[in-house]
Amino acid sequence: MDKKQIALMAVDALKAEYPDAICSLVYTDPLQLLIATRLAAQCTDARVNIVTPALFERFKTAQDFADSTPEEVAEYIKSCGLYKTKSKDIVAMAKMLCEDFDGIVPDNIDDLIKLPGIGRKTANLVCGDIFGKPAVVVDTHCIRITKRLGLHNLKDQKKIEFALRDLLPPKESNDFCHRLVLHGRAVCTARNAKCESCCMDGFCPKNI
DNA sequence: ATCCCGAGGG
DNA sequence: CCCTCTGGAT
């Protein structure tokens with residue numbers, strides 16, 4: 001089996017296992033998803049969802065964040081970890097949104113990654129979930145599972161994104177990545193992967 | 001001790 | 001490529 005075949009089998013298997021390719025971050029507008037995704041760095045989505053209700057009640061627009069300080073934002077997000085860089089990034093990002101983008105979250109990767117603290121993973125997630133564009137969201141689960149599946153043997157996040165883009169149908173890639181997250185939490189975990197109950201056990205080479 | 005839907009800098 | 005940033009959960 002070549003990589004493309006395995007990729008397509010993985011797409012089908014996960015689609016059957018997780019019909020709803022949902023994002024577990026809670027948000028009601030593009031800015032909230034952008035910020036929640038930034039907060040999710042080295043932190044569980046469950047933890048992010050605990051802090052965001054109060055955060056988004058206090059700050060409703062990019063201007064609200066831009067008018068605040070990293071110190072105030074930090075009070076709301078501290079339990080998510082990496083709080084100094086995250087809070088500094090969020091305020092700087094909001095300022096750039098207001099100054100260069102009329103306070104509106106841009107709809108393309110090139111503009112999104114200009115924002116402080118926004119990298120390819122977050123930019124792809126927003127492009128896929130908010131703007132319905134083909135996206136390859138390369139996070140810790142995506143990297144681990146696609147490597148175990150033998151779809152690549154790379155370390156660089158951007159190289160993995162482009163390698164997967166070549167293997168996945170554009171219309172499927174975004175949902176596929178969401179399903180990788182669900183699967184990574186429940187079955188193909190970092191430690192003690194539950195291969196015996198995995199829907200891809202039949203064709204996974206298990207390159208751990 | 002290790003991992004959690006990362007990003008930026010060296 | 002590598003490292004660092006960080007609290008919470010297991």
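Chain identifiers are assigned alphabetically (A, B, ...) following the order of the sequence lines, protein sequences preceding nucleic acid strands; residue numbering begins at 1 within each chain.
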Q: Calculate the interatomic distance between Gln42(A) atom CD and dG7(C) atom P; express it in whole Å.
A: 13 Å
Q: Under a 4.0 Å heavy-atom cut-off, which of residues 130-163 of chain A touch DNA chain C?
A: Lys155(A), Lys159(A)
Q: From the list dC5(B), dC3(B), dA7(B), which nucleotide is the closest neighbour of the side chain of Arg185(A)?
A: dC5(B)
Q: Tell me whether Asp45(A) is salt-bridged to Arg185(A), with the criterion being a basic N under 4.0 Å from an acidic carboxylate O.
A: yes
Q: In residues 47-62 of chain A, which residues come under 4.0 Å of DNA chain B by heavy atom?
A: none
Q: May I ask whether Ile35(A) and Met96(A) are part of the same hydrophobic cluster, defined by side-chain heavy atoms of I, L, V, M, F, W, Y residues being less than 4.5 angstrom apart, directly or through others?
A: yes
Q: For Tyr76(A) and Phe59(A): C-alpha separation, side-chain torsions, deciding distance, then whether ring pair (Phe, Tyr, Trp, His ring centres under 6.0 Å) applies.
A: CA-CA 11 Å; Tyr76(A) 290 85; Phe59(A) 305 99; 5.8 Å; yes
Q: Is a donor on one side and an acceptor on the other found under 3.5 Å between the side chain of Ser87(A) and the backbone of Tyr83(A)?
A: yes
Q: Dump the intermediate steps for side chain to side chain donor-acceptor pair (under 3.5 Å) on Asp20(A) and His178(A), then the final yes or no.
A: CA-CA 9 Å; Asp20(A) 299 315; His178(A) 278 306; over 6 Å; no
Q: If the threshold is 4.0 Å, N to carboxylate O, is there a salt bridge linking Lys206(A) and Asp201(A)?
A: yes
Q: Hydrophobic clusters here meaning ILVMFWY residues chained together by side-chain heavy-atom distances under 4.5 Å, can you tell me if Leu33(A) and Phe131(A) are in one?
A: yes
Q: Between Ala66(A) and Lys95(A), which heavy-atom pair has the shortest distance, and what is it?
A: O-NZ, 3.0 Å
Q: What parts of residues 13-26 of chain A reach DNA chain B, counting only heavy atoms under 4.0 Å away?
A: Cys23(A), Ser24(A)
Q: Starting at CD1 of Ile118(A) and ending at P of dA7(B), how long is that distance when rounded to a whole Å?
A: 7 Å
Q: Send over the distance from Ile109(A) CD1 to dG6(B) C1', rounded to a whole Å.
A: 15 Å
Q: dC5(B) C1' sits how many Å from Arg120(A) CZ, rounded?
A: 16 Å
Q: With P as the reference atom in both, quote the distance from dC5(B) to dC2(C) in angstrom, rounded to an integer.
A: 23 Å
Q: Salt-bridge test for Asp111(A) and Lys114(A): reply yes if a basic N is under 4.0 Å from a carboxylate O, no otherwise.
A: yes
Q: For dT6(C) and dG10(B), measure between their P atoms and round to the nearest Å.
A: 16 Å
Q: Reckon Gly81(A) touches a base, only the sugar-phosphate, or nothing at all at heavy-atom distances under 4.0 Å?
A: base
Q: OP1 or OP2 of dA7(B) less than 4.0 angstrom from a side-chain nitrogen or oxygen of Thr122(A), does that happen here?
A: yes
Q: Could you walk me through whether Asn153(A) and Asn207(A) pass the side chain to side chain donor-acceptor pair (under 3.5 Å) test, one step at a time?
A: CA-CA 9 Å; Asn153(A) 192 20; Asn207(A) 293 334; over 6 Å; no
Q: If hydrophobic residues (ILVMFWY) are linked whenever their side-chain heavy atoms come closer than 4.5 Å, directly or via other members, who joins Leu180(A) in its cluster?
A: Met1(A), Ile6(A), Met9(A), Val11(A), Leu14(A), Tyr18(A), Val136(A), Val138(A), Ile143(A), Ile145(A), Leu149(A), Leu151(A), Leu154(A), Ile160(A), Leu164(A), Leu167(A), Leu168(A), Phe176(A), Leu182(A), Val187(A), Met200(A), Phe203(A)
Q: Determine the Euclidean distance between corresponding C1' atoms of dC1(C) and dC4(B); express it in Å to zero decimal places.
A: 23 Å
Q: Output yes when Arg58(A) and Glu72(A) qualify as a salt bridge under the 4.0 Å nitrogen-oxygen rule, no when they do not.
A: yes
Q: Taking DNA chain B as the partner, which of residues 175-183 of chain A come within under 4.0 angstrom of it by heavy atom?
A: His178(A), Val181(A)
Q: Under 4.5 Å between side-chain heavy atoms, counting indirect links through other Ile/Leu/Val/Met/Phe/Trp/Tyr residues: same cluster for Leu39(A) and Leu112(A) or not?
A: yes
Q: Nearest to the side chain of Tyr83(A), which nucleotide is it out of dT2(B), dT6(C), dG6(B)?
A: dT6(C)
Q: More than 12 foreign heavy atoms under 6.0 Å from NZ of Lys147(A): is that the case here?
A: yes
Q: Of the residues in residues 85-99 of chain A, which ones touch DNA chain B at a heavy-atom distance under 4.0 Å?
A: none
Q: Answer with yes or no whether the hydrophobic clustering places Leu55(A) together with Leu97(A); edges join I, L, V, M, F, W, Y residues whose side-chain heavy atoms lie under 4.5 Å apart.
A: yes
Q: So Ile90(A) and Phe65(A), do their side chains get closer than 4.5 Å, heavy atoms only?
A: yes
Q: CZ/Arg120(A) to SG/Cys127(A) distance, rounded to the nearest 0.5 angstrom?
A: 9.5 Å
Q: How long is the line joining CG of Asp45(A) and C1' of dC5(B), in whole Å?
A: 5 Å
Q: Whole Å only: how far is the NZ atom of Lys84(A) from the P atom of dG8(B)?
A: 19 Å
Q: Whole angstroms only, please: what is the CG-P distance between Asn192(A) and dT2(B)?
A: 13 Å
Q: Roughly, in whole Å, what's the span from CG in Leu115(A) to P in dG6(B)?
A: 18 Å
